[in-house]
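Please read the structure below before turning to the comments.
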Amino acid sequence: MTASGSRAPLLLLPADLRGIIPMADANEAVRKAFLDWGEHPDLNATRQRMHAPSGVRVSVHPGVTPSWSAGGVLIHCEWVNPNAQEQNYDKVAPPATIIYNSDDGELDAVLVGSVSCRELPDVRSSVAVRTAATSTLGTMAMARADSEVLGILGSGDQARNHLVSYLAAHPFKQVLVYSRNVENRERFAAEMSDSTGVPVIAVSDSESAVTGSDVILAATNSNVPVLDGNLLRPGQHVTSIVGSNVGLVKAGKVATQRREVDDVTLQRSARIGVVSKRQAIHDQQGDVYKQVEEGSLSWDNVVELTDLVAGLPGRHSDDEITLFKNNGGMGIADVAVGAAAFAAARKAGIGTALDA
């Protein structure tokens, strides 16, 4: 039995988390979390990753978001199989999120499995919802307000979740998608046109997706740049989402750190946004951090997402090229998404009470 005066925590399994919240709610949950972090810098710690000799990687994301009365951690595990060109995953285990109440210290919920959004209930990538919501915040703060065409490089689950998240925040009129696999990009275009009601067009090369768009999203599993910065024109915005692989570099499994954007893109960007400078430094990331270390970029030209969410301008003119690097999953955002899912589950009366 639970102690006197306490409440039973809720266990939420994968079936309970399927399509549990609209993407717009996830966007808002993450926005509030970053506002919290901006006001209280100690609420979030850098993501930690441990690599077993087998290639299994464990990632730990801790954080506290008072707006959701929630604190805790998300843990996820993958068997990583990289090569020089891309990062593949031979096995991805269901993530686990532990939510404590940050007001009274009680355990509120244990989530086993991925939170998926209502629009894409069957997209169960470990952190797709949080990643998309974070990218959306940075993109909308830095892109031109009159942006009409979104270009996507990549056609996997991250690309799908990002498209839904972007459309929940901005009325794009058209989407151009490119990935190397013709069948995959054409399927993405057909399915996402149907599900979103926005025309999604598969294009035959990355240049068409880049030059024809106002906002470019790189959502790939690449280890090498997929975007040629020479193609960018004034006023465009770029967002990149690949994470760090410094642990794999140190283990000798790959030679260099991952990146989706090239040096030209960084050099041409008048303003660069990141989720966390501390994470970039901790992970010795292949873009932004590396260029600062080499002296071709200054941290003074890099703004963090907490400041963008609080209202710091993401660009100074409509002619600037801007870049947002979603450079690491923050626990404060994972906890916010988990807390939003917990609130929705409790309202719907789903889940299993852990009364022991």
Side-chain angles (χ1 to χ4, degrees), residues 2-3 5-12 17 20-48 59-76 95-112 114-115 117 126-127 129-138 140-141 165 168-169 273-279 282 303-312 326-348 351 353-354:
T2 56
S6 64
R7 57 189 176 273
L10 196 65
L11 172 65
L12 297 170
L17 299 171
I20 193 166
I21 52 174
M23 196 64 223
D25 288 3
N27 289 350
E28 178 62 11
V30 173
R31 187 189 71 85
K32 288 181 177 179
F34 275 93
L35 284 174
D36 285 342
W37 189 14
E39 294 176 3
H40 305 282
D42 293 333
L43 291 179
N44 189 80
T46 55
R47 176 193 62 199
Q48 301 295 314
S59 301
V60 182
H61 308 242
V64 179
T65 171
S67 289
W68 285 94
S69 299
V73 62
L74 177 140
I75 303 173
H76 61 102
T97 307
I98 314 299
I99 304 292
Y100 290 90
N101 189 292
S102 62
D103 295 332
D104 60 21
E106 293 279 357
L107 176 62
D108 272 344
V110 177
L111 286 64
V112 180
S114 303
V115 174
C117 67
S126 294
V127 290
V129 166
R130 178 264 291 151
T131 305
T134 304
S135 293
T136 298
L137 287 176
M140 299 311 153
S165 182
V274 296
V275 176
S276 166
K277 294 180 185 179
R278 285 179 59 192
Q279 193 71 54
H282 179 271
V303 60
E304 291 186 295
L305 185 54
T306 50
D307 293 323
L308 292 170
V309 171
L312 188 71
N326 188 347
N327 71 309
M330 297 294 100
I332 196 168
D334 289 308
V335 168
V337 170
F342 164 60
R346 187 167 55 181
K347 183 177 180 179
L354 295 175

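We number each residue from 1, following the sequence as shown.
Considering CZ of F342 and CG of L10, their distance stands at 6.0 Å, rounded to 0.5 Å. Once rounded to the nearest 0.5 Å, the distance linking OG of S114 with CZ of R130 reads 11.0 Å. Between R7 atom CZ and L354 atom CG the span is 13.0 Å, to the nearest 0.5 Å. Here the OG atom belonging to S67 is positioned 7.5 Å from the CD atom belonging to E39, to the nearest 0.5 angstrom. Between the CD atom in Q279 and the CD atom in Q48 there is a gap of 7.5 Å [rounded to 0.5 Å].
Listed here is the closest heavy atom pair of G63 and N44: CA-OD1, 4.2 Å. In plain terms, the two heavy atoms of W37 and S276 that are nearest each other are CH2-CB, 4.1 Å. Summarising the geometry of P95 relative to H76, their closest heavy-atom pair is CB-CB, 3.8 Å, with the distance given to 0.1 Å. Looking at every heavy atom in both residues, S102 comes nearest to V64 through CB-CG1, 3.9 Å.
A salt bridge does not link R47 with D334: none of the charged nitrogens is closer than 4.0 Å to a carboxylate oxygen.
In this structure the side chain of I99 reaches within 4.5 angstrom of the side chain of V335, judged on heavy atoms. Counting heavy atoms from C-beta on, the side chains of N326 and L305 never come closer than 4.5 Å. For the pair V275/F34, a side-chain contact is recorded, criterion being any heavy-atom separation below 4.5 Å from C-beta on.
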